[in-house]
Amino acid sequence: MSVSPDLGLLAGDVLDVAPRLLGATLRHDGVTVRLTEVEAYAGSDDPGSHAYRGPTPRTRVMFGPAGTLYAYLSYGMHVCANVVTGPEGTASAVLLRAGEVVEGAHLARERRSTTRDRDLARGPANLCRALGIGLDLGGSDLATGPVRLELTAPLSRDRISTGPRVGLRGAPDRPWRFWLTGEPSVSAYRPAARRP
DNA sequence: AGGGTGATTAGG
DNA sequence: CTAATCACCCTC
């Protein structure tokens, strides 16, 4: 099975690309993860996106070509990874929320302090930790760089569930979260904290 | 339910 | 410069 990974597909609309990433594999430094949960962010059209108010030093890679890794630091301690999608300039991206470790589980266990294997890459920050993805990898090319994305055949729509994104204050109503129905590695839904 | 933690950002 | 915000995780 020598299917060449056509990352050119990532140049499409983020809402089409996001579900296509389910089942794809992400590999880095000895650990491979099969993606089970993602979220779409539509750049300047999307109040929930970091890129909503235009380019900044942090978000500049999202305005670049599709197939690039956008990594950011969350709450001062967590790294989260996104795949940049869409035509250059649209600043859309897909947040990788969870996955199943399919290779290098022993290494992933060393990087994580959890007892259950299903939790190794459960949640966007945990996924990055299991894979050993740091901020320094942001901006790298997912086809040729240290972090490799490999697409798989599209999964049938009836295996995919959709719902609201996790933890957003802006645009919490858009059902732009996609996950594989019944997967134990999918993170629990938590509504955004309410402003007092 | 609450706290840790620091980059990032808008605003003065 | 300041202060608010934050696409989270863990423990209580």
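Computed from a predicted structure; not experimentally measured. Below, chains carry the letters A, B, ... as their sequence lines are ordered, and counting in each starts from 1.
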Short heteroatom pairs, N/O only, protein and nucleotides 7-12 of chain B, under 3.5 Å:
residue : atom : partner : partner atom : Å
B/dT9   : OP1  : A/Thr56 : OG1          : 2.2

Base paired to C/dA7 (Watson-Crick or G-U; both N/O distances under 3.5 angstrom): none
Opposite nucleotide pairing with B/dT5, Watson-Crick or G-U, both atom distances under 3.5 Å: none
Side-chain N or O of A/Arg169 closer than 4.0 Å to phosphate OP1/OP2 of C/dT5: no
A/Arg174 bridged to A/Asp45 by N-O distance under 4.0 Å: no
Sub-6.0 Å ring centroid separation between A/Tyr41 and A/His50: no
Any side-chain donor near an acceptor of the partner, A/Ser161 and A/Thr181, under 3.5 Å: yes
A/Glu37 and A/Ser185: side chain donor to acceptor below 3.5 Å: no
Shortest non-hydrogen contact from A/Leu142 toward A/Leu26: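 Taking A/Leu142 first and A/Leu26 second, the nearest heavy atoms are CD2-CD1, 4.4 Å.
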[X] has an atom [atom1]; how far is it from atom [atom2] of [N], in whole Å?
| X | N | atom1 | atom2 | result |
| --- | --- | --- | --- | --- |
| A/Phe178 | C/dA7 | CZ | C1' | 15 Å |
| A/Glu37 | C/dC8 | CD | C1' | 13 Å |
| A/Arg177 | C/dC8 | CZ | P | 11 Å |

Where do N or O atoms of nucleotides 9-12 of chain C meet protein N or O atoms at under 3.5 Å, pair by pair?
residue : atom : partner  : partner atom : Å
C/dC9   : OP1  : A/Pro124 : N            : 3.3
C/dC9   : OP1  : A/Ala125 : N            : 3.0
C/dC9   : OP1  : A/Asn126 : N            : 3.4
C/dC9   : O4'  : A/His78  : NE2          : 3.3
C/dC9   : N4   : A/Arg190 : NH2          : 3.4
C/dC10  : OP1  : A/Arg112 : NH1          : 3.2

A/Arg58 to A/Tyr70 six-membered ring, cation-pi geometry met (6.0 Å, 45°):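 Relative to the ring axis of A/Tyr70, which defines the angle, A/Arg58 lies outside at least one limit.
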Minimum side-chain heavy-atom gap A/Tyr72-A/Val79 below 4.5 Å: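 They are not in side-chain contact.
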Ring-base stacking, A/Tyr72 with C/dA7 (5.5 Å, 30° cut-offs):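 No.
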Member of A/Arg177, A/Arg122, A/Arg97 meeting the side chain to side chain donor-acceptor pair (under 3.5 Å) criterion with A/Ser187: A/Arg97
